[in-house]
Amino acid sequence: MPEDEEQPKKYRIEDLPGVGEATAEKLRENGYDDLMTLAVASPKDLSDLAGVAEGSAAKIIAAARKFADVGNFETGEEILERRKSVQKLTTGSKNLDALLGGGFETQAITEFFGEFGSGKTQIMHQAAVNATMPPEAGGFDSDVLMIDTENTFRPERIIQMSKAKNLDPDAVLKRIHVARAYNSHHQILLGERAAELAKEFPIRLLIVDSLTSHFRSEYLGRGSLAERQQLLNRHMHDLLRFSTIYNAVIAVTNQVSARPDVFFGDPTAPIGGNVVGHTATFRIYLRKSKGGKRIARLIDSPYLPEGETVIQISEEGITDGV
Ligand code: ADP
Ligand code: MG
């Protein structure tokens with residue numbers, strides 16, 4: 001076929017030396033279903049998850065690195081081209097969209113942090129509803145994957161928000177796939193398995209509410225901090241990888257510690273330290289205000305100025321605060 005001549009040959013994992021059918025099957029079952037995934041795997045993970053000896057795992061990874069189109073250095077022009085595929089999902093509030101440069105961005109992680117009741121879960125519910133809307137309405141016409149660690153997903157709330165947007169609530173509920181994570185390891189596993197669901201449904205929004213609560217309660221004390229941070233780092237990179245492969249929005253929530261740090265003049269600081277701080281592309285701090293009003297402050301963005309805006313939480317969901 002002449003049109004194939006211009007395309008580089010696509011290798012399958014069976015094409016790698018040392019990967020027979022049985023190994024290929026084991027690798028696929030564990031999510032290592034393409035060369036790129038293998039190329040960036042660690043020998044230890046591969047060995048633990050797919051049951052191949054660590055030495056063989058290292059050889060498979062080395063081969064995958066040779067065969068995979070890992071990409072080389074890109075010019076700014078090329079990156080600009082890739083960024084053209086970035087899309088924006090509306091938050092429901094024009095103010096908040098503007099603060100974020102147009103809404104939640106694909107190929108990135110957006111983190112909302114704030115104290116209990118500051119509206120993090122409401123914003124996640126609204127994002128889920130919005131993602132199902134057509135692009136003309138600021139959505140992706142997509143399904144949603146929600147990893148719920150605190151058992152705070154409420155279909156009743158989705159119904160209210162859907163009605164406010166004149167959407168069919170049943171149709172919206174059908175497109176939101178909720179997975180309850182019982183502990184941090186379960187949460188990590190669900191993050192790894194997200195790709196499987198994405199093969200069946202068009203998932204363009206992945207929510208983790210909350211990103212840090214299990215990690216916080218399970219890894220107490222100084223001694224376990226390094227392990228916690230390492231696992232959190234791995235989890236966040238799984239999420240980031242999903243966001244680039246599927247051109248998806250990753251929206252996560254985070255709590256604040258009760259530590260009396262001075263943090264932008266507020267005695268609260270987000271959990272997760274540098275790992276979360278450096279991996280989240282956008283960080284928004286939520287504060288309670290009068291009534292259903294909340295103040296959202298963008299505190300970290302690669303290219304947007306810091307700023308604040310007001311949003312409103314009501315029965316209709318998230319709207320502008322003014
Ligand atoms: P967080 O996740 O940050 O702890 P939530 O997102 O659960 O906080 O926000 C809870 C707040 O959202 C409640 O205190 C209430 O003010 C508001 N809220 C929740 N449901 C509704 C509703 N149906 N109508 C109006 N406001 C609501
Ligand atoms: Mg919550």
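Sequential numbering from 1 along the given sequence is applied to the chain's residues. Note that the structure is a prediction, hence the values are computed from the model and not measured. Read the numbers this way: they start at 1 and go in the same order the structure lists the ligands and their atoms. Keep in mind that the numbers below use all heavy atoms, side chains included, and drop hydrogens, waters and symmetry copies.
Counted by atom type alone, Gln107 and Asn247 present one or more donor-acceptor pairs between their side chains at under 3.5 Å. Defined by atom type and a distance below 3.5 Å, a donor-acceptor pair is missing between the side-chain atoms of Thr90 and Asn130. With hydrogens and angles left out, the side-chain atoms of Gln87 and Arg204 include a donor and acceptor closer than 3.5 Å. For Thr149 and Gln187, the side-chain atoms include no donor-acceptor pair closer than 3.5 Å. For the residue pair Thr279 and Glu111, no side-chain donor N or O sits within less than 3.5 Å of a side-chain acceptor on the partner.
A single hydrophobic cluster is not seen to contain both Ile147 and Phe112; linkage of ILVMFWY side chains at heavy-atom distances under 4.5 Å, directly or through other members, places them apart.
Of the options Gly117, Gly291, Gly317, Gly114, the smallest heavy-atom separation from atom 1 (P) of ligand 1 is shown by Gly117.
Between atom CZ of residue Arg234 and atom CD1 of residue Ile188 there is a gap of 5.5 Å, rounded to the nearest 0.5 Å.
Between the side chain of Asp148 and the main chain of Phe153, a donor-acceptor pair closer than 3.5 Å is present.
Between Gln255 and ligand 1 there is no heavy-atom distance shorter than 4.0 Å. Contact analysis puts Arg157 in contact with ligand 1, with a non-hydrogen atom separation below 4.0 angstrom. Between Gly292 and ligand 1 there is no heavy-atom distance shorter than 4.0 Å.
Ranking the protein heavy atoms by distance from atom 23 (N) of ligand 1 puts Gln160 OE1, 3.1 Å first. Of the protein's non-hydrogen atoms, the one nearest atom 26 (N) of ligand 1 is Ile313 CG2, 4.0 Å. Protein heavy atom closest to atom 15 (C) of ligand 1, with residue, atom name and distance, is Arg294 NH2, 4.5 Å. Scanning the protein heavy atoms around atom 3 (O) of ligand 1, the nearest turns out to be Lys120 NZ, 2.8 Å. Counting only heavy atoms of the protein, atom 12 (O) of ligand 1 lies nearest to Gln122 CG, 3.4 Å.
Side-chain rings of His214 and Tyr182 stay apart, their centers remaining 6.0 Å or farther from each other.
For ligand 1, the polar-atom distance check finds no N/O of Phe116 at less than 3.5 Å from any of the ligand's N/O atoms. Considering backbone and side-chain N/O of Gly119, one or more are found under 3.5 Å from N/O of ligand 1.
In Glu115, the part holding a heavy atom less than 4.0 Å from any atom of ligand 1 is the backbone. By the criterion of a heavy-atom distance under 4.0 Å, neither the backbone nor the side chain of His125 is placed next to ligand 1.
Look at Thr152 and the Mg ion (ligand 2): no N/O/S atom of the residue is under 2.8 Å from the metal.
Per-residue contacts place Ser314 under 4.0 angstrom from the following atoms of ligand 1 (heavy atoms of the residue considered): 24 (N), 25 (C). Applying the 4.0 Å criterion to heavy atoms of Glu315 picks out, from ligand 1, the atoms 24 (N), 25 (C).
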Checking Leu211 against Leu239 for the side-chain contact (heavy atoms from CB on, under 4.5 Å) test, could you report, in this order, the C-alpha distance in whole Å, the side-chain angles of both residues, the deciding distance, and whether it holds? CA-CA 11 Å; Leu211 177 71; Leu239 300 176; 4.2 Å; yes
